[in-house]
Amino acid sequence: MHAAQQRMQCHDQPFVTSSRRACLQRWNSSIAAQALNVKAYPRASPITCAISHTMQTSSGALVGAAPSNSSHAMQLSTRTSHCLSAQRRHDHSCSSAGAHSVHHPARVMATSTGATAASDMLDYQIQQLKSQVPDFSKQVAAAVAVADGAGLQRSEAALEEEAAAPDLWDDPKKAAEVMERMSAVKAKIADLKKLQDNLDNMQIGVELLGVEDTSSDDAAEMVAEVTRSRDVLEKMLNDFKMQQLLGGPYDEGNAIITIQAGVGGEDAMDWSEMLERMYLRWAEGRGFQTKIVSRNAGDKAGIKSSEIGVKGQYAYGYLASEKGTHRLVRLSPFNSDSLRQTSFAAVEIMPVLGDKVSTVEIPAKDLEITTMRSGGAGGQNVNKVETAVRIKHIPTGLQVKCTEERSQAANKAEAMNLMKTKLIVIAQEQQTADIAEIRGNVVKAEWGRQIRNYVFHPYSLVKDLRTGHETSQVQAVMDGDLDPFMQAWLQYKASGSGKSSDGQCAPEVAKDS
């Protein structure tokens, strides 16, 4: 019941003369209780003080003498109600404008809980890093032992002494060979030193984390730094393990990638260009040097063929796993109905053998040599004179073409070296000593011969049909992330599970998707 109505009822009752003071005191007590509730707020506002003052004043007036009528009680009730409303508005304004300045117990508890969770996470990461140090130490020690670090240093000293000989450059060919061997040895020593340096950084970081307060910002930064050193060390160890699987006679040298569009028309040409970009990005990520030796553009899009030179340590060893037919499944951008299209491209990988090809002799009766005009830049000589040379090895069907040089003789010599390189590689793959015994080994860009499927639609998947390795990160693969596939192939080959020695899988295996 409203306070004023209570006051009127007390005033109008028959026993008001004898009980008036008690009735007014009860009413005053109920109003004072509301004022006490208002005072329960964390901070006393000026309005709260005004209400308190009003209660004190009204209490004295009520207790001291009763009004002659109910008007005084009504005025008092109205003043008190206005003060209470103003207090509520004030508190709402404070809670909206200064909510962040008031340390609410629940908010303080949430902040404390978040800080504790972050500290616990850092402790967990630190313990993980500590537990990984012994394992990485063993792996680095094993890598140094396998690579024979001490033997490499002795070889480096001997090669430096040989390179300092005054008569070294009397034989330029021998001098170039010595310098190449010395560079390779120095590169291996540098790799082992990087392994040890990253391990030292990780060990020192973990030791410092043992005495660092995990609640500080410095601890979080240090954990991130040690984690980066751990990731670099892990990648270097994986690369070292891959290199140990590369034991072929040409694995350590440079390579030539040849891409040829297959079945699929314009889609196949576009697919060939996509593969060209993929290998260029992979080589760039590895720090290898690349050069597009020749490139035959497509009629409307893409390329018909491309030849890329890759220069870097173990370039051929890594890329040898890519030899074969690559199949693409996607919604064709060249089809007005946006139908799903399957396209093929053939990839061949050859080592750069240099002077080693001079020891190979190919019977003249097995070769078919034709000449043609090169066209393009180079002046009237290449447009009027047949400087380009194509050589075909009749028993195998292998063909090579060279248009780089401006003279027919130079192009013929280059094409012959390229043909010999192909035949040497095939002979090594087929374990044949005589070139005449080499059988056909041409990569066919058609259905049933694919080594890897790249599915863009209706789902995303790249799967190697020889090893079974697969990933749904199609874009990452097209951006050059090929190391997992290469490592899987090297492990697969080392296990002796391969069905053929030339990198091709049987058609019945290739048809599985």
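Values in this document were obtained by computation on a predicted structure and should not be read as measured data.
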- Task: Given side-chain contact (heavy atoms from CB on, under 4.5 Å), test Phe344 with Thr342 step by step and report yes or no.
- Result: CA-CA 7 Å; Phe344 298 88; Thr342 300; 3.7 Å; yes
Spatial distance of atom [atom1] ([X]) from atom [atom2] ([Y]) [nearest 0.5 Å]:
X	Y	atom1	atom2	value
Leu195	Phe136	CG	CZ	11.0 Å
Gln408	Met372	CD	CE	9.5 Å
Leu192	Met236	CG	CE	8.5 Å
Gln450	Leu328	CD	CG	12.0 Å
Leu209	Ile126	CG	CD1	4.5 Å
Gln260	Asn296	CD	CG	8.0 Å

- Message: Between Leu275 and Met278, is the side-chain contact (heavy atoms from CB on, under 4.5 Å) condition met? List the steps.
- Response: CA-CA 5 Å; Leu275 289 175; Met278 181 181 74; 3.6 Å; yes
- Asp270 and Arg330: salt bridge (charged side-chain N to carboxylate O under 4.0 Å, His left out), yes or no, with the steps? CA-CA 12 Å; Asp270 187 52; Arg330 66 171 178 176; 2.8 Å; yes
Heavy-atom check, side chain of [X] versus side chain of [Y], under 4.5 Å:
X	Y	value
Glu470	Val462	no
Val133	Met202	yes
Ile189	Glu156	yes
Val293	Ile256	no
Leu129	Thr227	yes
Leu461	Asn453	no
Leu418	Met350	yes
Ile362	Lys420	yes

Assess whether a salt bridge exists between [X] and [Y], defined as any Lys/Arg side-chain N lying under 4.0 Å from an Asp/Glu carboxylate O.
X	Y	answer
Arg452	Glu322	yes
Asp231	Lys235	no
Asp464	Arg466	yes
Lys174	Glu177	no

Can you give me the closest heavy-atom contact between [X] and [Y], atom names plus distance?
X	Y	value
Arg277	Met478	NH1-O, 3.1 Å
Ala261	Ala268	CB-O, 3.9 Å
Leu319	Ala255	CD1-CB, 4.1 Å
Ala283	Val310	CB-CG1, 4.3 Å
Asp239	Arg286	OD1-NH2, 3.3 Å
Val455	Val474	O-CG2, 3.9 Å

- Across all chains, not counting sequence neighbours, the ring-ring contact (aromatic ring centres under 6.0 Å, His included) partners of Tyr279 are none
Review item, side-chain donor-acceptor pairs of residues 139-150, under 3.5 Å, at least two apart:
| unit_1 | atom_1 | unit_2 | atom_2 | d |
| --- | --- | --- | --- | --- |
| Gln139 | OE1 | Lys241 | NZ | 3.3 |
| Gln139 | NE2 | Asp135 | OD2 | 2.9 |
| Asp148 | OD1 | Gly151 | N | 3.1 |

Between [Y] and [X], is there a side-chain donor-acceptor contact under 3.5 Å, judged purely by atom types and distance?
X	Y	answer
Arg230	Gln132	yes
Gln196	Asp200	yes
Asn198	Ser229	no
Glu266	Ser343	no
Asp479	Trp282	no

- Message: Could you walk me through whether Lys311 and Lys291 satisfy the side-chain contact (heavy atoms from CB on, under 4.5 Å) test, starting with their C-alpha distance in whole Å, then the side-chain angles of each, then the deciding distance to 0.1 Å, before giving a yes or no?
- Response: CA-CA 9 Å; Lys311 185 177 181 181; Lys291 177 185 177 182; over 6 Å; no
- Item | Test log, rule ring pair (Phe, Tyr, Trp, His ring centres under 6.0 Å), inputs Tyr454 and Trp271 | CA-CA 10 Å; Tyr454 304 74; Trp271 173 227; 4.8 Å; yes
- Query: Which is it for Leu367 and Met416 under the side-chain contact (heavy atoms from CB on, under 4.5 Å) test, yes or no, and what are the steps along the way?
  - Reply: CA-CA 10 Å; Leu367 297 177; Met416 186 63 71; 3.6 Å; yes
- With Tyr316, the side-chain contact (heavy atoms from CB on, under 4.5 Å) member among Asn254, Ile349, Ile257: Ile349
List, one per line, each side-chain donor-acceptor pair under 3.5 Å for residues 298-307, sequence neighbours excluded.
| unit_1 | atom_1 | unit_2 | atom_2 | d |
| --- | --- | --- | --- | --- |
| Asp299 | OD1 | Lys304 | NZ | 3.2 |
| Ser306 | OG | Glu276 | OE2 | 2.7 |

- Query: Quick one: does Ser321's side chain have a donor or acceptor within less than 3.5 Å of a partner on Tyr318's backbone?
  - Reply: yes
- Side-chain donor/acceptor of Asn335 to backbone N/O of Asp337, under 3.5 Å: yes
- Item | More than 12 heavy atoms from other groups under 6.0 Å of CD on Gln128 | yes
- Step by step, work out the side-chain hydrogen bond (donor to acceptor under 3.5 Å, both in side chains) result for Gln203 and Ser137. CA-CA 9 Å; Gln203 290 174 330; Ser137 299; 3.1 Å; yes
